[in-house]
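What you are looking at is a predicted structure, and each value in this text was computed from that prediction instead of being measured.
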Amino acid sequence: MANAEEASPLLQHRPEAAPTLEEGAPPAAPPAAAKMPPECAANGIPVGHGNVVGEPVARNQWSSGLFSCLGLNDEFWSSDVEVCLIGSIAPCVLYGGNVERLGSGRGWFANSCFPYTTLFMLGNSLFGWNCLAPWFSYHTRTAIRRKFNLEGSFEAFAKSCGCCRGILEDEEHREQMETACDFATHYCCHPCSLCQEGRELRRRLPHPGFIGKPILVMMPPIEQTMGRGA
């Protein structure tokens, strides 16, 4: 086993006396260097690849709560109030804007706003309340949750109660429960869910119609006057 001085690359090796060769004897071959597997580092420490298998993935939190209708006291406060007003007066416009921003392309507004408006009018005309549009709009909440890796309602409930750990560890069953919770949230608290999704998208994604280009403004030189000091 090599000592610390021999293993350190910063120390020079001590010169050793060369052995005398007998006449007619071939020189001894140098010892072969020990080969290290490719997955080991220079000091023989295994190099890790990725995360530990079975380690739960940390999910992000929603920027605002479901019932934070007026938003947060930050730079998006005015936008949150606008989202609240649009979601209360014209939820079809807010839903179309959310889908357009999530799709990051033009044309999504018309393809989502008109079907939502039709279901909105049918539900209010036939049943007296908006009970049909949530069946069409809850998929947007699922898409937002998956796109930004947000914590779902079922996962938050299971963590707070300390139950259903088997379902949380199974990705397929957990996603099925989260999708069912997305539908329940839209069906029971439809205006609040639309507003929460609108606030989240405005904080994370710019509007596809907005093109931020720097504008160069040329200012004329200021007239300079020379004054004689006292």
Hydrophobic cluster membership, I86 vs V99, 4.5 Å side-chain cutoff: yes
Out of curiosity, Q176 CD to D170 CG, how far, rounded to the nearest 0.5 Å? 8.5 Å
Can you tell which of R141, H139, E197 makes a side-chain hydrogen bond (donor to acceptor under 3.5 Å, both in side chains) with H186? E197
For P191 and G87, which heavy atoms make the closest approach, and how far apart are they? CB-O, 4.4 Å
Only pairs at least two apart or in different chains count here, so list each salt bridge (charged side-chain N to carboxylate O under 4.0 Å, His left out) that has a residue in residues 81-97. E82-R202
Closest non-hydrogen atom pair, G96 against S112: CA-OG, 3.5 Å
Is a donor on one side and an acceptor on the other found under 3.5 Å between the side chain of R101 and the backbone of G198? no
On a heavy-atom basis, the closest approach of P115 and A110 is CD-O, 3.9 Å
ILVMFWY network linking F154 to I144, side-chain heavy atoms under 4.5 angstrom: no
L66 and F183: same hydrophobic cluster, using ILVMFWY side-chain contacts below 4.5 Å? no
Using atom types as modelled and distance alone, determine if a side-chain donor or acceptor of E200 lies under 3.5 Å from a backbone N or O of S63. yes
Only counting residues at least two apart or in another chain, list the ones meeting salt bridge (Lys or Arg N to Asp or Glu O under 4.0 Å) with E171. R59, R174
Going by the rule side-chain hydrogen bond (donor to acceptor under 3.5 Å, both in side chains), which residues pair with E175 if we only count those two or more places apart in sequence or in a different chain? R145, R146
Would you say the rings of W62 and F67 are close, in the sense that their centroids are separated by under 6.0 Å? no
Can you confirm whether Y116 sits close enough to L194 that some side-chain heavy atom of one is under 4.5 Å from a side-chain heavy atom of the other? yes
Hey, is the main chain of S153 close enough, under 3.5 Å, to the side chain of E178 for a donor-acceptor pair? yes
Using side-chain hydrogen bond (donor to acceptor under 3.5 Å, both in side chains) as the criterion, list what pairs up with N124, not counting sequence neighbours. none
Are any of the side-chain heavy atoms of L201 and F148 separated by less than 4.5 Å? yes
Heavy atoms, side chains only, cut-off 4.5 Å: are R204 and K147 in contact? no
Does K159 form a salt bridge (Lys or Arg N to Asp or Glu O under 4.0 Å) with E155? I'd like the steps, not just the answer. CA-CA 6 Å; K159 288 182 179 179; E155 185 175 0; 3.2 Å; yes
With distance as the sole test, does Q196 use its side chain to make a donor-acceptor pair with the main-chain N or O of S68 at under 3.5 Å? no
Kindly write out the residues that satisfy side-chain hydrogen bond (donor to acceptor under 3.5 Å, both in side chains) with R203, not counting sequence neighbours, or none if the list is empty. D74, D80
Determine, using the 4.5 Å side-chain heavy-atom cutoff (strictly less than), whether F114 and F120 are members of one ILVMFWY cluster. no
Please tell me if the side chains of C84 and C69 come closer than 4.5 Å, counting only heavy atoms from C-beta onward. yes
Just grab all the side chain to side chain donor-acceptor pair (under 3.5 Å) pairs involving residues 87-99, residues at least two apart or on different chains. Y95-T140
Tightest non-hydrogen contact, residues A133 and N130, listed as CB-OD1, 3.1 Å
Closest contact, heavy atoms only, G65 versus R199: O-NH2, 2.8 Å
Please examine the side chains of C113 and F109, heavy atoms only from C-beta on, and report whether any two atoms are closer than 4.5 Å. yes
Which atoms form the tightest heavy-atom contact between A143 and L102, and what is the distance? CB-CD2, 3.7 Å
L126 CG to M121 CE distance, which is reported to the nearest 0.5 Å: 11.0 Å
Please confirm whether the backbone N or O of H190 pairs with a side-chain atom of S193, one donor and one acceptor, at under 3.5 Å? yes
Y187 and F127: same hydrophobic cluster, using ILVMFWY side-chain contacts below 4.5 Å? yes
